[in-house]
Amino acid sequence: ANKDTKSKDEKKALVIAYDRDAETLNHIKTSDYHNALTYIFDKLVSRDNDFNFHPGLAEKWETSEDGLKWTFYLKKNVTFHDGSKLTAHDVKWTIDTIKDPETASPAQSEFEPIKEIVVEDDHTLSILLDKPYPNLLFRLSSTAAGIISKDAYEKCGDEYGSKYAIGTGPYKLKEWIKGDKIVLEKNPDYEWGPEWMENNGKPLIGEIVMKMIPEENLRMMELEAGNVHIVRDLTPTMMGSIEKNADIEIFTGGAPRLGYLAFPTDKEPFNDVKVRRALNHAINKKEIIDHVFRGHAEVAHGYLPPILKEEYYEGSEKDGYEYNVEKAKQLLKEAGYGDGLTLNLAAENASNYGRLAEVLQAQLLEVGIKTDIQLYESSSYTDMLKEGKQELFLRMYGWQNADILDWFLSSKQFPFPNHSRWQDQKTDDLIQAAEQVPTWEERVKGYHEVQKYLIEQAVWVPIYIPSNSIAVRKEVQNFKFDPIAPDYNDGVYME
Amino acid sequence: MEEPILEITNLTTSFYRKKELLPAVDNVSFSISKGQTVCVVGESGSGKSVTALSIMRLIPEHAGKITGGEIVFKGKDLLKLSDKDMRAVRGNRVSMVFQEPMTTLNPVFTIGNQLMETIMMHQNVTKKEAMEKALEMLKKVNIPSPAQRLQQYPHQLSGGMRQRVVIAMALVCKPELLVADEPTTALDVTTQAQILKLMNDLKSQTETAVLFITHNMGVVAATADKVIVMYCGRIVECSDAKTIFKDPKHPYTIGLLKSIPKIAEPQKKLFSIKGSVPAPGQIKKGCRFQSRCELVTEQCRLEEPPLIEKNGSLVRCWQI
Amino acid sequence: MLEVKDLKVHFRIGKGLLPKQGNYLKAVDGISFDIKYGETLGLVGESGCGKSTTGRAILGLLKESKGEVLFEGKQLLTMKKNGLKTVRKDMQLIFQDPYASLNPRLKIGDALEEVLIVHKMGNKERRKARVEELMEMVGLNKHHLSRYPHEFSGGQRQRIVIARALAVNPKFIVCDESVSALDVSVQSQIINLLERLQEELNLTYLFIGHDLSVVNHFSDKIAVMYLGKIVEMAESNELFENPRHPYTRALLSAVLLPDPELMQDLSVIEGEIPSPLYPPSGCRFHTRCKFATEKCAQEEPLTRKVDDHHFVACHFNLD
Amino acid sequence: MKENYVFQDDSKIAHVETHFETNNNIEFVKRLFSNKSAIFGSAVIFIVVITAIFAPVIAPYPYDYIDLPNMLQSPSAQHLFGTDDLGRDIFSRVIYGTRISLVVGFGVIAISLLIGVILGAVSGYFGGRIDSIIMGMTDIAWSFPVTLLAIAIIAALGPSLTNLIIAMALVSWSKYTRLIRGEFLSLREQEFIEATRVLGMGHARIIFKHMLPNALAPIIVLTTMEFPIAIIAEASLSFLGLGAQPPTPSWGAIISGGRSYILEAPWIIFFPGFILAILVLGFNLFGDALRDALDPRLKD
Amino acid sequence: MVNYIVRKTFLMIPALFGLTIIVFMILHLSPGDPVDLIAGPNAPAEVHENIKKDLGLDQPLHVQYFTFIGHLFKGDLGVSILQNRPVADIIGERLLVTFEIGIYALIFSFVVSIPIGVVAAIKRNTLADYASMTGALIGLSLPTFLFGLLLLYFFAYKLGWFPLSGYGTYKHLVLPVLTVGLTDAAITARMVRSSMLEVIRQDYIRTARAKGLEEKSVIFKHALKNAIIPIITLFGMRLGLIFGGSVIIETVFSIPGIGKLMVDAIFSRDYPIVQGSMLILAALVLIGNLITDILYAVFDPRIKY
Ligand SMILES: Nc1ncnc2c1ncn2[C@@H]1O[C@H](COP(=O)(O)OP(=O)(O)OP(=O)(O)O)[C@@H](O)[C@H]1O
Ligand SMILES: Nc1ncnc2c1ncn2[C@@H]1O[C@H](COP(=O)(O)OP(=O)(O)OP(=O)(O)O)[C@@H](O)[C@H]1O
Ligand SMILES: [Mg+2]
Ligand SMILES: [Mg+2]
Ligand code: NI
């Protein structure tokens, strides 16, 4: 769109600050996907900023009648960073390796529905399924499905993932100084960008530097000083000072995330729906959004974030629970807790959870619930949840579709990840009904039912939907917001 | 008698005690002539060491200072010298040997280093010459295998050896006056005898005057020409060695001599001076020895006796 | 009363990788003597020859001790803890340094009383009376009881230490250089005190010192030590008049007499005492002895009896 | 973490004369307070202790009173030190924070002193094999990077004030052990201790009545120097998010939470930081003065 | 001496051995495991099991421990669970950074503190003494993290003299080194002063004066060499403290050093990294102590091993 008046500076590196380093750039071996992977690897299927699927490395695909066979036609003349040609063998190898239990890849289960991959010819392959799997495109578009050069992977051995990462993406791994920065340089041969992008040829930015700056205040200072151009995942604490800075623009958009307060629903007093509803009424979400998140979040009414458009149940707000201290007290009294309750409130040890917990503590006190806050570092936190020691606890999930409800709330996931310990026949039935329908429309409907029921049962207290905010300095032109990972070859350039 | 090389008049040295200056050495006067050995005896705390340190002007600044008197060395008042001039005197024309051979040498430098340092400080010689001199000096003080010793550190030497080194260091510039503060007290009798012999020998060669501090009467008898007896910062008696032993006059001196067990007559009950030295600050007016004296009279309590001459001795007592 | 037979104290010096490694310092190397009731044995010798070690070993303070120590017929070195405690009542030790041998944090009265408590002697009043009595015995008075050690002079402290030793009614006291650190005038006071107490209480002393004139004055019998061995032992007069060992002679002539008219011979003995870690072979004194011969360097002399009370360990028969 | 100066004056501590006469208490106190830094130090400590005791009276607001609309207010009459990101009064939080610091200081010292005294005394008094074993243990403890070990322990136990105290005590006992052992080794050679053996006293009596009181001076000095270290360590661990749980107003936690607002609301860091430094300074000055008073050779 | 070093080195083995047990126990008794992090929050149980097996975490604890020790004897510190590459490499990269800061800080601290300490001692009770000692006290009363934040805010952010974050050039080093170095200098200066005061009282200093030496050589030759000994003896310990405390500095300045690595690894339960780096750091501290012993003998001829 921007037929520019501004000059493009290809030599200027784009510096992005991250709070932590990648563990490894071998995405087969981790689920901790670093943004760098997005630029180094291409997927068969590409997804635009509105979650629509487009051709990626596959220029087109076909589905058989019964939906059990998918045929993908690869683009020709695609080369890996090491110069070798992309073939269907590489694709097959990548997915097979992930699927192989020996590999112990965390993504193994995501490709479970794939029965077999058949290489038809160098540029054609078929994916055979056991049963219809409408989510296949989503899987194939995820970072986990980035296509690796088989030869390079085998050649690099142990050094793959730390020294080398060979894909077909618009950027190549130039240097990785552990703990300090990852430097990506432009892939000069790149010609196969997805059609939907503004620029699908060579990248316009010569180098991307991903700098690790764990300290939040340092990231801000660096941004203000102009040493860093983009800071992602802005936390509300960071907003205050940069909002006033004219050189910095903040892009905000919804994110497929949702923060909630949960509790073990199989234990006293949470097994009483009245108590659960009381908790829902007790929380002043507006206050939390305004002050803890400084406006950079939205109130969550239901169990899915509205960004998931069709899957999101529109009636959430109407059916949900409004802030009403009196009602909460009343309900507690009815449940037999008129004299108040003393509970633990657990959260993960990261800045916002702590603050949120403190505010919740104050709000819950209003309805007579006294809480002790206990913060955990992440490993201990999951462990505690697995062991079932939780009382009240704060969580946030991020997922791009309604499968997440199955994941957290169906009884086959008990006790973990079903950490609210919700074992309910009706929920199970509803979810199963929604999952096993052939069409998207029916699925959406089914999930609406699930959401409605969950709201009624007050299984969680949904609290907020954080915005995804990205601070971008003015040197970065034509920046486009993307809730998951911005595409820097989508016409973005440095001034 | 010869012209004295050191003449001390009315030396008073005081120490700070709660903001007050209390004299530890009070109006002390005496002189030493060339080649003479003057022994200072007296009880612990009587001010012997302080007198010696005053001559060297080594009273620690923060602890006390010389508050009066003159210390005339060869016609020059040491107390009036500039620091620089005083340094030129120290170790060169007046030198000192301390009591504790274990601690007077710097543990981290070799014997040779410490000896040569003194030589090069005061004499315009090269390193090599200094080394030769040091070696020669070690030979003089009868140290076996001296060349080897030069390379050794103090802790590698026994107490007697170290004291020899200290003496060598003191004598290496051929000083005109040697101040020795209990140089043998910490040593065994046998070593003490060796060291005393050595000092006597060296002295007779160089004509060095010696101010020798001790509380061992035997040592006094073996070395002294003149003896000064101190008590509580005061000289109570001063005369030549023979007189002191034959005809002691001050009751303190008499008591001191009588307190020593004699080898010849072991079975006799020992004499002892009753009581103990008054603590500094508790000194009453009158004679300082009054509380322990058997001859004490009213006069002793009222007025301190002056140091008067009596039969060739200077004595501070009303009773003679 | 006390009989010491072939007492040895070997300290292990330095640690090797293996437990049995390391050098042995033979501080005391096979000495024997005995002390009768009411007698005083003097022990003299140069610094480091093992005098204090002997004293300590006799009191059973050193676990390194070997040999026999018989106190009133009882074997001390093999005794059990409880037995030792009762014997402790009978044997006491007085140290050299009057400044270091009192606990600076205890009032004198408490320090004295504690001893009585430990040995369960009397009730509160009786103890108090006893403490006062002790103080009087050593020439101090009861005002001193509520003071701390640092408020006393060296001489007074030594008196207190003596009083503390006397508290348990000992029969035998080891005086380890108890007067060496004191001024002559104070020294004579303490010597007189010790002598008086010996008479009054019929005490037995082992008197360790290096000042021969003091030891001579004080002792009935004297043992001369050199490098962990007793080289000569005799009644004190006999020893002074008739020293047989060259080392005893050297020691004697090194004592300076307070008489300027005597021409004192200062050149008595050369060299210094060798390290007890590497003692010379044969007669240990041969390195410094002017009579030394080949034999002295090789053969260790046996202890000979000169007369009833006079023993010497030397190859020569000097008169 | 600044344990660095834990050891700052180890050499000095060792030099505090064990047989120095501190019996004359009045004299000692006089000497102590003739020193200006002792006066300043003890005044600071006194004020802090009083503040801690009377925190509810002094503080204008409860430490956990959240007033969201008033968040990040700069210092003013209502909020002397301003407010934090939840609108809480920083002044009140700092006032209550004194309690945390003191509790941590005392807690850590009490536990590590207990361990240290027992092990050190046994080691120094009995010597031999027991000594070798205990010293082996302290050697291991000394070769650990302490802060990291403390973090690991907290990770294992879960963050809380109690666990923080335990972790810090577990990493700092060895200092006491070493000191006390050293003191006991040298005391053991002293004649007055040998005298107690000659007088037939038992081990317990010798250790507790005769040796320990004489080792007290250096122990006290070490303790006064450990106190500020414990306070700083608590702040440092809270700074890393491993200390007291919210809304407990530990100074380190306040600073840690405030550092994200360093550009927007620097007062959140400044005031607790300043007070922390003053308290630590107070303890250091007092410790110095105490040591000087115990060892007058260093003064004059 | 050689004997001593060999003996000491041998004695390091049980110490390190004890340390591995302690660290191993602490880590494995901590709740949580690294699999969650690898697998992500959404992986099913079987994937967990696969990963566990792949990492050998399904074995009983003692087996895991002995495997670890076994590898150790072969000089292998293992492979990082999360980073999937040799621990030795990871530690190597990070250690260098911490070491660099630590060494410069130590040097800086010595260079600054010795003259200050000496001057304060010889000019005792003068303005210079009071000023430097007050400065030192303030220096050691400021917690490192606060001091670091202050330096960062003023010198890097406000004045822009130094870079804010990162690592690599000497400019990046200045602030962290200053933070550690000045704090350490405050401590050392006080030590130098008191050690100097102690030495100045000694008899051999009086002897030196009695020899007629100039004050300059009395202080700088005779006193300083003795006074420096107790400071040297703390070298090994310093090293330990600098490593131990590095996490704070590295957090404040966002430096990829070993402290930060280890803390991150503790939290992500990357056992091999924690075990490896604890071991290496402890070994370094022990070696530091050994070097101290050697230096001690160099400076103090009385010491014989
Ligand atoms: N540095 C000092 N500070 C304070 N007082 C001192 C100092 N040096 C000596 N005195 C005091 O001066 C007096 C005389 O001491 P001095 O050392 O001269 O005694 P002395 O006769 O040498 O005794 P000794 O035989 O014990 O060596 C003593 O009362 C002592 O307290
Ligand atoms: N506990 C010990 N461990 C090792 N060696 C010791 C021990 N006690 C004494 N020695 C050594 O034993 C030897 C004899 O010491 P001892 O104290 O008995 O000598 P001494 O005759 O009393 O000397 P002095 O006259 O100096 O008191 C000395 O070389 C001493 O270093
Ligand atoms: Mg003197
Ligand atoms: Mg002895
Ligand atoms: Ni905003």
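Labels below follow one simple rule: chain letters A, B, ... track the order of the sequence lines, proteins then strands, and each chain is numbered from 1. Note that this is a predicted model, so its numbers are computed, not measured.
- Using a 4.5 Å cut-off between non-hydrogen atoms, the part of residues 57-71 of chain C that approaches chain D consists of C:L59, C:L61.
- Ring planes of C:Y24 and C:H10: tilted class, angle from 30 to 60°.
- Here the two rings, on D:F227 and D:F106, have centers that are under 6.0 Å apart.
- Of all the listed residues (C:L93, C:L102, C:I94), the one sharing the greatest number of non-hydrogen pairs under 4.5 Å with chain D is C:L102.
- Chain D forms the most heavy-atom pairs under 4.5 Å with one residue out of C:V115, C:N103, C:V174, and that residue is C:N103.
- For C:H144 and C:F152, the distance between ring centers is under 6.0 angstrom.
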side-chain hydrogen bond (donor to acceptor under 3.5 Å, both in side chains) between C:Q198 and C:T40, worked out: CA-CA 9 Å; C:Q198 182 168 36; C:T40 302; 2.7 Å; yes
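- Outside the 6.0 Å centre-distance limit, the rings of D:F40 and D:F286 are not counted as a close aromatic pair.
- Sorted by first and then second residue, the salt bridge (charged side-chain N to carboxylate O under 4.0 Å, His left out) pairs with a member in residues 201-214 of chain D read C:E114-D:R205, C:E114-D:K209; sequence neighbours excluded.
- Within the 3.5 Å criterion, the main-chain N or O of C:P170 finds no donor-acceptor partner in the side chain of C:Q92.
- Residue contact with chain D, scored on non-hydrogen atoms closer than 4.5 Å, involves the backbone and the side chain of C:R164 alike.
- Proximity to chain D (any heavy atom under 4.5 Å) is restricted, for C:I117, to the side chain, taken from C-beta onward.
- Other residues, nucleotides and ligands contribute at most 12 non-hydrogen atoms within 6.0 Å of the CZ atom of D:F46.
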